[in-house]
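In what follows, a single structure is set out as structure tokens and then discussed.
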Protein chains: 2
Amino acid sequence: MTVTLADVAARARVSPATVSRVLNGNYPVAASTRERVLRAVDDLDYVLNGPASSLAAATSDLVGILVNDIADPFFGIMAGAAQTQIGGPGDGSGRAGGEKLAVICNTGGSPERELTYLTLLQRQRAAAVVLTGGAVEDPAHQAAIAAKLAKLADAGTRIVFCGRPPLPEGDALVAALAFDNRGGGRRLTEHLISLGHRRIGYVAGPPERTTTRHRLEGHREALRAAGAVEEGGTAEGAEAEDRLTVHGPYDRRSGYEATLELLRRAPDVTAIVAANDTVALGACAAVRDQGMRIPQDISVAGFDDLPFSVDAVPALTTVRLPLFEAGARAGRLAMGKENPPPGGIATIAAELMIRGSTAAPRG
Amino acid sequence: MTVTLADVAARARVSPATVSRVLNGNYPVAASTRERVLRAVDDLDYVLNGPASSLAAATSDLVGILVNDIADPFFGIMAGAAQTQIGGPGDGSGRAGGEKLAVICNTGGSPERELTYLTLLQRQRAAAVVLTGGAVEDPAHQAAIAAKLAKLADAGTRIVFCGRPPLPEGDALVAALAFDNRGGGRRLTEHLISLGHRRIGYVAGPPERTTTRHRLEGHREALRAAGAVEEGGTAEGAEAEDRLTVHGPYDRRSGYEATLELLRRAPDVTAIVAANDTVALGACAAVRDQGMRIPQDISVAGFDDLPFSVDAVPALTTVRLPLFEAGARAGRLAMGKENPPPGGIATIAAELMIRGSTAAPRG
DNA sequence: ACAGCCGTAGCAAGCGCTTTCTATCAGGGA
DNA sequence: TCCCTGATAGAAAGCGCTTGCTACGGCTGT
């Protein structure tokens, strides 16, 4: 029924050990023998039994990539980029070639599913795991994840964070690539302030995510530095900040609804900063549906600079994150093709992209 | 070092066989014994060895999902939806629960990589494989893929097509879910024709893809039915069709450039149909950069109805494909949770969404 | 009371591959 | 000429799990 190593060995008139060595190419085999074996492999259309191989070698060629939402290009781009570095081009034959099987796992942002996938990957003795995107800040889950990662690392699995802050007690991991969300958020709001905006609404992501918090913190840093919310004392400033912030999921619809809420609470905002570009698109729609023009009546800004941002009308002012580059680098780190950054952590710069959706508020 | 089944068995004072049966739950085990085993599993923090298990059982719990470009939400949405049906919620523990590990494989649209991934999946003895999106029409590759799929099916792997036409000699596969690209394309162009458009440009996808061909065929069917290109004879009609069609990859940039080319070739077109929404966005940008307004000066339409389409300004007229539903159904088929459609093939309707980007041409 | 069963648990034989250790052979230096 | 060395190939022992078959009580039916 199934062709096994032994069948190939028989046909090539060598021992199974030799066939294995030819296939893995990590032991000297005479050229003539190798050729004979390879021909037998082709003749019989042999395909290695992965589980058997993994069992015997105690390692597998699986690399897991965990994402929060694969339908979101933010993750799609990173995951795709990582995969370009992991699944080598291959030769179409059944032979190994250093390429691994990159598997993208969609957690849907749920910590439980994240843990489940990590366990599944642990079961498969994955060669590496890449965790992308913001983490949930619940201490219990942080600890659970950290414990699981420690076990994985123990078993020889390489761990890479991409666009995700390192663990508090992050030691087991090979490398963390963190986006400068705080700095990006700060520069974006500084830009709005420099245009003359003072009442700036913020449509934030889910409160429990690190990404949300960091971007929001950057925003508020800029606000405070400019004294933009000082209308008496710090207490009132904080109150104003809260009133001008609405949280919701990272999707278009949430952006739409949160913006409506924001406009209701504070009809006098002159600018709205969204948690990301997708949310910003929803915000734009809401602003427009309220009969206001962008940017004449109200400025809108996003974050991430996803491909569609430049095509929005007007083009979205946003903060560019080098998603592809970061994903590719994470992939290389996972493959051990690249050395981890000093200290294990690299912060990736976020670049302000000023486009048409922001302008000075009306006199 | 690593905890094995035997360790658990020893601690629970039962045989390894019993532990295995408790974990797999497919053999009667007394409640008291089961509990003892489960406690031992927890105590020792045991995690099943996937490769060993797959080897012994001759099956694995991997399900592969092949996509052309994971950075494209078209695929992201389908893949994410499929995964919701495949990777059960799990319980966070190491225990099995019918859930499988859904792995998304990014082929980049390359047939070689598609084949490579299929081999990798075959190696892993995958439980099922879902192939999404249009196929490349090269006969050699068609045959290679068909042969590979036949082998996979032989080995017990379930095969599902999603948004991909069935193989010419498609028999081995469980089910094919095909989008009505031709019908959608036809209705879209009929809509434009009914608005009064006669000179309609078409920004097509890569010529070798089935999706491209079907959508284009639908477009031309509508054109011919309306006699819109008849300016003498059929030969001239065909020539006009070719002149008004520009091929390119399925991305924004290609849409931009192809539209510029189209406008150069035929400055008098009153409408442009794009291969998909992403391309349409590029087309819109090009139209605008040429100083024309949408839809007053020129109408633009897309295909797919990706989430951002409704947020384009003006909102994009397009053809809605139920990507999430199709992906979820494909996932269920892959899991054997749902029966294949009669004949193995189901055609999924495409719905015309008329929005602001199309209007009657200027008198 | 005895044969026959059902419900459970254990034994042991692999699943197909990797890898350590050993065997063999052809040369080359002394 | 003989022994030592380097280059290859083979033998065999698992890797950790699943599962067919066997074993063993206690029950039921007659």
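Lettering follows sequence order; numbering is per chain, from 1.
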Can you tell me how far [atom2] of [N] sits from [atom1] of [X], to the nearest Å?
X     : N      : atom1 : atom2 : answer
A:L5  : C:dT18 : CG    : C1'   : 9 Å
A:L48 : C:dT18 : CG    : C1'   : 11 Å
A:Y27 : C:dT20 : OH    : P     : 10 Å

Using the test salt bridge (charged side-chain N to carboxylate O under 4.0 Å, His left out), find all partners of [X] that sit at least two apart in sequence or belong to another chain.
X      : result
B:D7   : none
B:E137 : B:R213
A:D45  : B:K151
B:R11  : B:D43

### Message
Just to be sure I understand the geometry, which residues of residues 55-62 of chain B put a non-hydrogen atom under 4.0 Å away from DNA chain C?
### Response
B:L55, B:A56
### Task
Give one of base, sugar-phosphate or nothing for B:T33, where a contact means two heavy atoms less than 4.0 Å apart.
sugar-phosphate
By side chain to side chain donor-acceptor pair (under 3.5 Å) - contacts of [X] (at least two apart):
X      : value
B:S15  : B:T18
A:R125 : none
B:R21  : none
B:S53  : none

### Summary
Rounded to the nearest 0.5 angstrom, the CD-OG1 distance for A:Q122 and A:T116 is 12.0 Å
### Message
Need to verify one output field. Residue with the more 5' nearest nucleotide on DNA chain C, B:R125 or B:V29?
### Response
B:V29
### Task
Please list, by residue number, the residues of residues 12-20 of chain B whose heavy atoms come closer than 4.0 Å to an atom of DNA chain D; answer none if no residue qualifies.
B:A17, B:S20
### Query
Which pairs count as salt bridge (Lys or Arg N to Asp or Glu O under 4.0 Å) when at least one residue sits in residues 48-69 of chain B, sequence neighbours excluded?
A:R123-B:D61
### Task
Go through C:dG10, C:dT18, C:dT8 for me and flag the one nearest to the B:R21 side chain.
C:dG10
### Query
Between which nucleotides of DNA chain D, 5' to 3', does chain A make heavy-atom contacts below 4.0 Å?
D:dT8 to D:dG16
### Query
Would you call A:V29 and A:V14 a side-chain contact if the rule is heavy atoms closer than 4.5 Å?
no
